[in-house]
Student: 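Right, I'll just put the structure down here and ask away after.
Here the structure is a predicted model, which means the values were calculated and not measured. A, B, ... follow the sequence lines: proteins, then strands. Residue 1 opens every chain. Both backbone and side-chain heavy atoms feed into the values below; hydrogens, waters and symmetry mates do not.
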There are 2 protein chains.
Amino acid sequence: MRRLDEVRGMATLPDVAQHAGVSTATAARALGGYGSVRESTRQRVLDAAEVLGYRPNVLARSMITGSTQTIGVVISDIENPFFRRSLRGITDTARSRGFEVLLANTDEELEKERSAVSLLAARRVDGMVVCPADAGDRKHLREVIASGTPIVLLDRRVSGLAADTVGIDNRKAARLATERLLSLGHERIAIVTGGTPEIRERLVRPDMRGVERLSATTVGSRAAGYRDALTAAGITMRPEYFSANGFRREDAVSEVHLLMDLPQPPTAILAFDSIQSLGALQCFRERSIRCPEHVSLLGFDDAEWADLVSPPLTVVTQPMYEIGVAACERLLDRIGGEQRSPVHDRLPTVFVERSSIGPPTHG
Amino acid sequence: MRRLDEVRGMATLPDVAQHAGVSTATAARALGGYGSVRESTRQRVLDAAEVLGYRPNVLARSMITGSTQTIGVVISDIENPFFRRSLRGITDTARSRGFEVLLANTDEELEKERSAVSLLAARRVDGMVVCPADAGDRKHLREVIASGTPIVLLDRRVSGLAADTVGIDNRKAARLATERLLSLGHERIAIVTGGTPEIRERLVRPDMRGVERLSATTVGSRAAGYRDALTAAGITMRPEYFSANGFRREDAVSEVHLLMDLPQPPTAILAFDSIQSLGALQCFRERSIRCPEHVSLLGFDDAEWADLVSPPLTVVTQPMYEIGVAACERLLDRIGGEQRSPVHDRLPTVFVERSSIGPPTHG
DNA sequence: GCCACTTTTGAGAACGCTCTCAACGCCGTG
DNA sequence: CACGGCGTTGAGAGCGTTCTCAAAAGTGGC
C-alpha cells in the first residue's frame with residue numbers, strides 16, 4: 001500500500017491519518033490549520049505527523065490549488081555582477097513572501113532562453129523574471145503571458161509585450177557619462193559594449209531606425225545615449241570606436257587592443273559593464289598604458305573591486321539589488337492578482353567619480 | 001469542465017485528446033513517445049497539441065513517476081565568488097542532464113538552512129547540494145538523507161553524515177601557503193578568516209581537540225593547516241593574529257586595522273577568501289600601507305579582479321567551477337541509483353604567485 | 001428527553017498525468 | 001471458419017493532496 005514510501009521513506013497523509021486513527025480529511029484539516037478540528041484530535045494528528053516525520057507533498061498541493069509558490073528566473077549569467085546582485089534581491093524578496101526560486105542561465109542565447117522559459121512553464125511556476133536575449137522573436141514570452149503566467153522583464157524592455165519592466169534609464173545614464181567625458185575635453189570617445197557585432201551595424205546606420213529599434217535593449221539604449229551626447233556636442237561618431245564582440249573579458253581585452261592600435265586611438269573609453277571595464281584595465285596593463293594620464297576609463301556598475309583596482313574606477317552605478325527587489329515585488333503583486341496595465345520602473349543611477357578619468361593628453 | 005484552464009488558459013491532456021478524437025491514454029502515448037500508436041493518430045494528436053498550445057504539467061507527471069527532475073542547491077550566498085562560480089558549474093551540469101535547479105541562500109545562518117532544506121524536501125527535489133553552516137546540529141540533513149533523498153556536501157565536510165563531499169584539501173592548501181610565507185622569512189603571519197569568533201576560541205585552545213573538531217569546516221581546516229606549518233617551523237601561534245569576526249568586507253577591513261594597530265603587527269597576512277583579501281587591500285589603502293613592501297598579502301580564490309588590483313594578488317586557487325560540476329555529477333549519479341558508500345572528492349589547488357608577497361622588511 | 005443548532009468528522013470527487021490491463025480489429029494459417 | 005498473434009486503442013486506477021457535502025456527534029433550551 002505504500003509503494004514509493006518504502007523506497008523514499010516519505011510518510012503520506014493517509015499514513016498520518018491511520019496512525020492517528022482519523023480520516024485523511026480530518027488529518028488534512030489538523031495539519032492545514034483550516035476547518036474545525038477538536039483540539040484533542042488535532043494534537044493526536046500533529047503527534048502522528050511528528051512521529052512519522054511527515055512532510056506534505058507540495059506537488060500534490062499545487063495540483064489542487066493551482067499555485068506552486070515558485071517563480072522562475074531567467075538571466076544570461078549568474079556570474080555577471082549585475083545579475084548576481086539582482087538575483088540576490090529577487091531571492092531575498094521571494095523568500096520573504098514564501099516563494100521559491102527556480103534558476104536558469106541563457107548566456108544570451110535565444111535557444112537556451114526558449115527552452116528555459118518552456119521548461120519553467122511546464123513546471124507551472126506562478127510567474128517569471130526574465131532578462132530577455134537582445135535579439136530574436138518573443139513568441140515564447142508572449143505565449144507564457146497569454147496563458148496567464150505573469151512575466152516581469154529585468155533591465156531590458158521588449159516592445160509589444162504586455163509585461164512590467166524594471167531597470168534604469170540606460171539612455172540617460174550613458175548620455176550623462178558621455179557628457180562628463182566631453183566636459184573634460186575628450187572628443188575621441190570609444191565605447192566597449194559587450195554586445196554582438198550586429199548591434200554595431202545597426203547603430204552605425206545613418207538613419208535613426210537602427211537606434212530606435214535598438215533602444216529596447218540595454219546595449220542599444222546606452223549606445224543611443226552615447227550618440228545623443230556626441231550629436232549634441234557636434235561630434236560625428238566614428239564607427240571604429242564601437243566595440244561589440246562578445247560578453248567575455250577576453251573579448252573585451254582584444255577589442256580594446258584593437259582600439260588602441262587605431263591610427264587615432266580614443267582618449268577615453270566608456271565600458272558598458274564591469275566585465276568590459278576589467279577587460280580595458282587588463283589591456284592597459286598589457287600595453288603599459290597609464291590611466292587616466294594616457295586614456296580615461298569610465299565604466300558601468302560599481303563592482304566590489306571598483307575602488308581597489310588602480311586607478312580606482314569612475315563608474316555609473318545602478319541599484320542592482322533594488323532592481324531585483326522591485327522586479328520581484330512587481331511580479332508577486334501580479335501573481336497576487338493585480339490587474340493594471342504594464343508599468344515600467346526606472347530606478348535612479350548614481351555617478352561615482354574616482355580617479356580613472358581626467359583631461360585628455362592631446363585633444 | 002475546464003475550471004482552471006479558463007483562467008490560466010492551459011490546455012490539458014484530455015483537451016488535446018478530445019480535440020484529436022482519441023482517448024487520453026492514446027494522447028499520452030503519442031505525446032510521451034511510448035507504447036505504440038498508429039502514425040496517423042500520432043500526427044493528429046501532435047497537431048492538436050500544437051493548436052491548443054499544450055504544455056505537459058510536470059507536477060502531475062512527477063506525482064506518478066516520483067521524480068521531479070529538480071535538485072536543490074543550498075549555499076550561504078550566491079554573491080560569494082566561490083559559490084557563484086560553483087553554482088554555475090552545478091547549473092550547467094544539471095541542465096545538461098535535464099535537471100532544474102531550485103536555489104536557496106542561507107547567509108551562514110543555521111535557521112535559514114533548516115527552513116531551506118525543509119522546503120526543498122517538501123518540494124520533493126530529487127537531491128540536494130548543500131554547503132552546510134559551520135556549526136550546529138545536522139538533524140535536518142540526516143532526516144533528508146534518511147528519507148532517501150541524496151545530499152552532496154559542497155566545500156565542507158560533516159562528520160557522521162552519510163553524504164558525498166566535494167571540495168579541496170583545505171588543510172594542505174593553507175599549510176602550503178603558510179610555508180611559502182615562512183620561506184620568505186616571515187614569522188609574524190596573521191590569518192583573516194571570515195569566520196565567527198567562536199572558531200577563534202576553539203583554535204587557540206592548547207589541546208588539539210579544538211582543531212580536530214574544527215577540521216570539518218573550511219575555516220577550521222585552513223586554520224589547522226596554518227597551525228601545522230607554524231608548528232613545524234617551531235613558531236608559536238599568537239592568538240591576536242587570528243581574525244574571525246564575520247563574513248562581510250567591512251568586517252575584514254576593521255579586523256585588519258586591528259591587526260595593524262598591534263604593538264607587533266604581522267608582516268604577512270593570509271586571507272581565507274576573496275572577500276577578506278578585498279578587505280585587507282582596502283585597509284592597506286586607507287592606511288597607505290604598501291604591499292608587499294610593508295606587509296605581504298596572500299589570499300584564497302583567484303577572483304576575476306585578482307590580477308588587476310595593485311599589487312596583483314598572490315592566491316591559492318581552487319577549481320570552483322569544477323567543484324560545482326563534480327558535486328552535481330556525484331549527486332546525479334546518486335539520484336540515478338548509485339549505491340556505494342560516501343566518497344570524498346578532493347580537487348587540486350593551484351598556487352598562483354603574483355606580486356603581493358615578498359620578504360619582510362624587519363623580521 | 002426531545003428538538004433545533006453548531007461543531008466535528010468522513011466519504012469521495014477532483015487536480016492532470018502515467019501506466020496496467022483488457023478489448024478490439026486485422027492478419028495469416030490450419 | 002476457427003484460431004493464435006500482433007498492433008492499436010480505451011477504460012480506469014492511482015499518485016497525495018484539497019475541499020465540498022452530508023452525516024454524525026455534541027450543545028443548550030424547553
Student: Could you tell me whether the side chain of B:R29 has a donor or acceptor atom within less than 3.5 Å of a complementary atom in the base of D:dG10?
Tutor: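 When only heavy-atom distances are counted, B:R29 does reach the base of D:dG10 through a donor-acceptor pair under 3.5 Å.
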Student: Under 4.0 Å, counting only non-hydrogen atoms across every strand here, what does B:V22 touch: a base, just sugar-phosphate, or nothing?
Tutor: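 Contact class for B:V22: sugar-phosphate only.
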Student: State which of D:dG16, C:dC17, C:dG12 makes the closest approach to the side chain of B:N57.
Tutor: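 Closest of the options to the side chain of B:N57: C:dC17.
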Student: Does the distance from a Lys or Arg side-chain N to an Asp or Glu carboxylate O, for A:R85 and B:E79, drop under 4.0 Å?
Tutor: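 Yes, this pair counts.
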Student: Any carboxylate oxygen within less than 4.0 angstrom of a Lys/Arg side-chain nitrogen, looking at A:R44 and A:E50?
Tutor: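 Judged by the 4.0 Å cut-off on N to carboxylate O distance, A:R44 and A:E50 do not form a salt bridge.
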Student: Starting from the 5' end of DNA chain D, give me the residue, A:G32 or B:T24, whose nearest nucleotide shows up first.
Tutor: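 The 5'-side residue here is B:T24.
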Student: Go nucleotide by nucleotide along DNA chain C from the 5' end; which of B:T26 and A:A60 gets its closest nucleotide reached first?
Tutor: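 Closest to the 5' end, via its nearest nucleotide, is A:A60.
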Student: Can you run through DNA chain C from 5' to 3' and write each base as (, ), [, ], | or . depending on how it pairs? Watson-Crick or G-U wobble, both distances under 3.5 Å.
Tutor: ||||||||||||||||||||||||||||||
Student: Just compare C:dC15, C:dT7, D:dC15 and give me whichever is closest to any side-chain atom of A:S36.
Tutor: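 The listed nucleotide nearest to A:S36's side chain is C:dT7.
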Student: Run through B:V74, B:I145, B:L331 and flag the one making a side-chain contact (heavy atoms from CB on, under 4.5 Å) with B:I151.
Tutor: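 Of the listed residues B:V74, B:I145, B:L331, the side-chain contact (heavy atoms from CB on, under 4.5 Å) partner of B:I151 is B:I145.
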Student: State, to 0.1 Å, how close A:Y54 and A:T12 come at their nearest heavy-atom pair, and which atoms those are.
Tutor: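 Smallest heavy-atom distance, with atoms named: CE1-C, 3.6 Å.
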Student: Give the nucleotide from the list D:dT9, D:dG14, C:dA14 with an atom nearest to the side chain of A:I64.
Tutor: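 So the nucleotide nearest the side chain must be C:dA14.
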Student: Under 4.0 Å, counting only non-hydrogen atoms across every strand here, what does A:T41 touch: a base, just sugar-phosphate, or nothing?
Tutor: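 Sugar-phosphate contact only - A:T41 comes under 4.0 Å of backbone atoms but never of a base.
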Student: Out of D:dT17, D:dC19, C:dG16, which nucleotide sits closest to the side chain of A:L13?
Tutor: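 Closest of the options to the side chain of A:L13: D:dT17.
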Student: Give A:R42 one of three labels, base, sugar-phosphate or nothing, depending on what nucleic acid heavy atoms sit under 4.0 Å from its own.
Tutor: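 The residue A:R42 makes no contact with any strand.
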Student: Ion pair present between A:R97 and A:E329, side-chain N to carboxylate O less than 4.0 angstrom?
Tutor: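 A:E329 and A:R97: not salt-bridged.
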Student: Do the charged groups of A:D77 and A:R84 touch, with an N to O distance under 4.0 Å?
Tutor: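 Salt bridge absent between A:D77 and A:R84.
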Student: Looking at the side chain of B:Y34, which of C:dC19, C:dC17, C:dG10 is the nearest nucleotide?
Tutor: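 Closest nucleotide among those given: C:dC19.
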Student: Which of these nucleotides, C:dG12, C:dT9, D:dG12, is closest to any side-chain atom of A:V37?
Tutor: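 Of all the options, the side chain of A:V37 is nearest to C:dT9.
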Student: Find the distance between CG (A:L154) and CZ (A:F82) and round it off to the nearest 0.5 Å.
Tutor: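 Rounded to the nearest 0.5 Å, the CG-CZ separation comes out at 5.0 Å.
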